[in-house]
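Everything below concerns the one structure shown next.
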Amino acid sequence: MDKLQIVGGKRLNGDIAISGAKNAALPILCAGLLTAGDLDLTNVPRLHDVRTMLRLLEQTGLKVTQDDEHVVLNGANITSLEAPYELVKTMRASILVLGPMLARFGEARVSLPGGCAIGSRPVDQHIKGLRAMGADITIEGGYIHAKCAKLQGTRIHTDMITVTGTENLLMAAVLAEGETILENAAREPEVVDLANMLVAMGAKIEGIGTDRLVIQGVDALHGTKHAVISDRIEAATFLCAVAATGGDIRITNTRTDIFDVALDKLREMGVQLTVEGDTIRARMDGRPQPVSFRTTEYPGFPTDMQAQFMAVDTIARGPSRVTETIFENRFMHVQELNRLGASISTEGNTAFIEGVERLVGAPVMATDLRASASLVIAGLAAEGTTIVDRIYHLDRGYDRMEAKLSAVGADIVRIK
Ligand code: EPZ
């Protein structure tokens with residue numbers, strides 16, 4: 001099991017290129033099931049979850065060819081409509097094959113994703129919406145069995161805003177009979193990126209970027225070329241790193257218009273940010289000011305940035321409070337940060353952070369993807385050596401993080 005060894009206290013200086021967004025790439029890859037044409041993708045991040053999704057899709061018969069720049073999918077010869085447990089259990093986003101399989105082939109057998117460290121994460125809204133479109137869905141033996149001659153467009157109002165729920169229902173609706181209205185839809189930039197690509201494939205979607213999507217079903221979709229949107233969570237993670245260590249970095253190949261709330265909070269912390277085209281320059285000296293926030297759906301403060309900002313708050317010049325409203329158990333990093341000398345207490349879904357003068361390196365354990373990133377950030381700021389164990393969690397969502405950090409001056413190495 002790989003570990004990261006970090007010797008903290010180094011300022012970060014230099015350029016970091018941001019990769020494509022994991023949470024856009026995963027639904028976009030599943031959209032390859034919707035067409036017999038070529039889906040020619042660029043800026044697909046090299047991540048464990050992407051490799052897992054490609055393996056799952058190849059098992060259905062979808063053809064995948066890739067070189068350094070491109071991942072080309074072709075769904076002309078799909079031979080299996082099953083997403084097996086052994087793959088789904090390692091990646092919940094596998095549920096995203098359900099909508100496309102039902103839409104194009106009228107059948108799917110997808111293992112029910114288990115829970116994960118941050119919460120139970122049910123998929124009841126995905127199922128409720130597909131049933132409303134006429135799918136006959138039974139759950140037995142841990143599998144979702146779905147059948148439907150032809151999905152019918154209808155109005156769907158999900159009980160809560162769900163990112164992959166919106167994406168699954170959107171991919172079902174583009175080939176359904178008639179009009180589908182998705183109300184209470186997620187507006188995350190990754191949902192927008194998927195929708196924009198579906199339109200390029202011939203789908204008819206209105207209201208992209210709003211909480212009400214209106215889709216006119218079409219008979220078939222053709223292929224297209226698409227560049228995956230840049231990863232705003234990765235960008236914010238590196239900005240939190242420099243906020244914690246001090247330094248002067250330039251984040252390149254990033255969008256600068258899709259995480260304003262995070263940029264505002266970084267400025268509140270005392271980070272000097274200048275935006276030039278697809279580059280954000282971040283300069284930081286001295287200890288950060290504390291920032292408080294509560295996570296909400298886009299365009300509010302992203303839950304996927306909560307752990308990273310909390311790591312910076314641990315060494316801020318004062319107290320802060322963080323409230324997590326999306327997931328019921330997304331404070332797994334708190335105890336690990338306290339092992340590094342942080343002073344955090346929690347009450348339900350709120351964490352109270354006392355800023356301390358300094359953290360001290362120690363062995364810590366990653367528990368989920370963004371918690372891992374939070375421990376790396378804390379280790380970069382801590383005095384002495386931090387060992388982050390179980391970093392397979394990190395590799396799921398970050399493309400060679402230690403390489404990007406050591407290239408800007410961090411003392412960080414992967415230990416096999
Ligand atoms: C997506 O997960 C992201 N994953 C998550 O990123 C992200 O944290 C989350 O959205 C929230 O932004 C991908 O896009 C692959 P939800 P998703 O459905 O779609 C409840 C990361 O770190 N809910 O928006 O699974 C659910 O339990 C990952 O990159 C139901 O109750 O999240 C949660 O409390 C972690 N029933 C809330 O809604 C449902 O049918 C939001 O979940 C669906 C969701």
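Computed over heavy atoms, backbone and side chain alike; hydrogens, waters and symmetry mates excluded. Given the structure is predicted, the values throughout are model-derived calculations rather than measurements. Counting convention: from 1, in listed order, for ligands and their atoms alike.
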Would Arg155 and Glu183 count as a salt bridge (charged side-chain N to carboxylate O under 4.0 Å, His left out) if you check the C-alpha gap in whole Å, the side-chain angles of each, and the deciding distance to 0.1 Å? CA-CA 8 Å; Arg155 187 180 66 77; Glu183 291 175 347; 2.7 Å; yes
Do me a favour and list the nearest non-hydrogen protein atom to atom 16 (P) of ligand 1 with residue, atom name and distance? Val163 N, 3.7 Å
Answer yes if the side chains of His48 and Asp395 hold a donor-acceptor pair under 3.5 Å, and no otherwise. no
Are Asp38 and Asn74 linked by a side-chain donor-acceptor pair shorter than 3.5 Å? yes
Step-by-step salt bridge (charged side-chain N to carboxylate O under 4.0 Å, His left out) determination, Asp49 to Arg396: CA-CA 5 Å; Asp49 274 7; Arg396 297 190 49 177; 2.8 Å; yes
Hey, is Arg55 close enough to Glu58 for a salt bridge, meaning N to O under 4.0 Å? no
Given the options Asp159, Thr162, Thr158, Gln125 meets side chain to side chain donor-acceptor pair (under 3.5 Å) only with Asp159
Identify the closest protein heavy atom to atom 32 (O) of ligand 1: which residue and atom is it, and at what distance? Phe327 CZ, 4.0 Å
What heavy-atom pair brings Pro113 and Val88 nearest, and what distance separates the two atoms? CA-CG1, 3.8 Å
Under-4.0 Å heavy-atom contact with ligand 1, by part of Lys22 that carries it: side chain
Arg370 contact mode with ligand 1 (heavy-atom cut-off under 4.0 Å): side chain
Judging by distance only, is a nitrogen or oxygen of Asp124 under 3.5 angstrom from one on ligand 1? yes
For atom 2 (O) of ligand 1, the closest protein heavy atom turns out to be Arg121 NH2, 3.3 Å
Contact (N/O only, under 3.5 Å) between Gly165 and ligand 1: no
For ligand 1, which atoms have a heavy atom of His126 less than 4.0 angstrom away? 40 (O)
Can you tell which of Asp368, Thr295, Asp304, Asn349 makes a side chain to side chain donor-acceptor pair (under 3.5 Å) with Arg330? Asp304
Tell me, which protein residue and heavy-atom name are nearest atom 38 (O) of ligand 1, and how many Å apart are they? Met160 CG, 3.5 Å
Between Thr323 and Thr350, a side-chain donor and acceptor under 3.5 Å: yes
Checking the N or O distance criterion of under 3.5 Å, is ligand 1 in contact with Pro122? yes
Between Glu234 and Ser19, which heavy-atom pair has the shortest distance, and what is it? OE1-N, 2.8 Å
Using a plain distance cutoff, I'd like to know if Thr162 has any nitrogen or oxygen under 3.5 Å from a nitrogen or oxygen of ligand 1. yes
List the closest protein heavy-atom neighbour of atom 17 (P) of ligand 1: residue, atom name, distance to the nearest 0.1 Å. Thr164 OG1, 3.6 Å
Do any N/O atoms on Glu188 end up under 3.5 angstrom from N/O atoms on ligand 1? no
Hey, which atoms in ligand 1 end up nearer than 4.0 Å to a heavy atom of Thr303? 8 (O), 11 (C), 12 (O)
Going through the checks in order, is the salt bridge (charged side-chain N to carboxylate O under 4.0 Å, His left out) test met by Glu190 and Arg232? CA-CA 9 Å; Glu190 295 75 30; Arg232 63 192 165 110; 2.8 Å; yes
Atom 14 (O) of ligand 1: of Asp304, Ile326, Asn23, the nearest heavy atom sits on Asn23
Suppose we measure from atom 40 (O) of ligand 1 to each protein heavy atom; which comes out shortest, and what is that distance? Gln125 N, 2.7 Å
Is the contact between Arg330 and ligand 1 made by the side chain, the backbone, both, or neither, using heavy atoms and a 4.0 Å cut-off? side chain
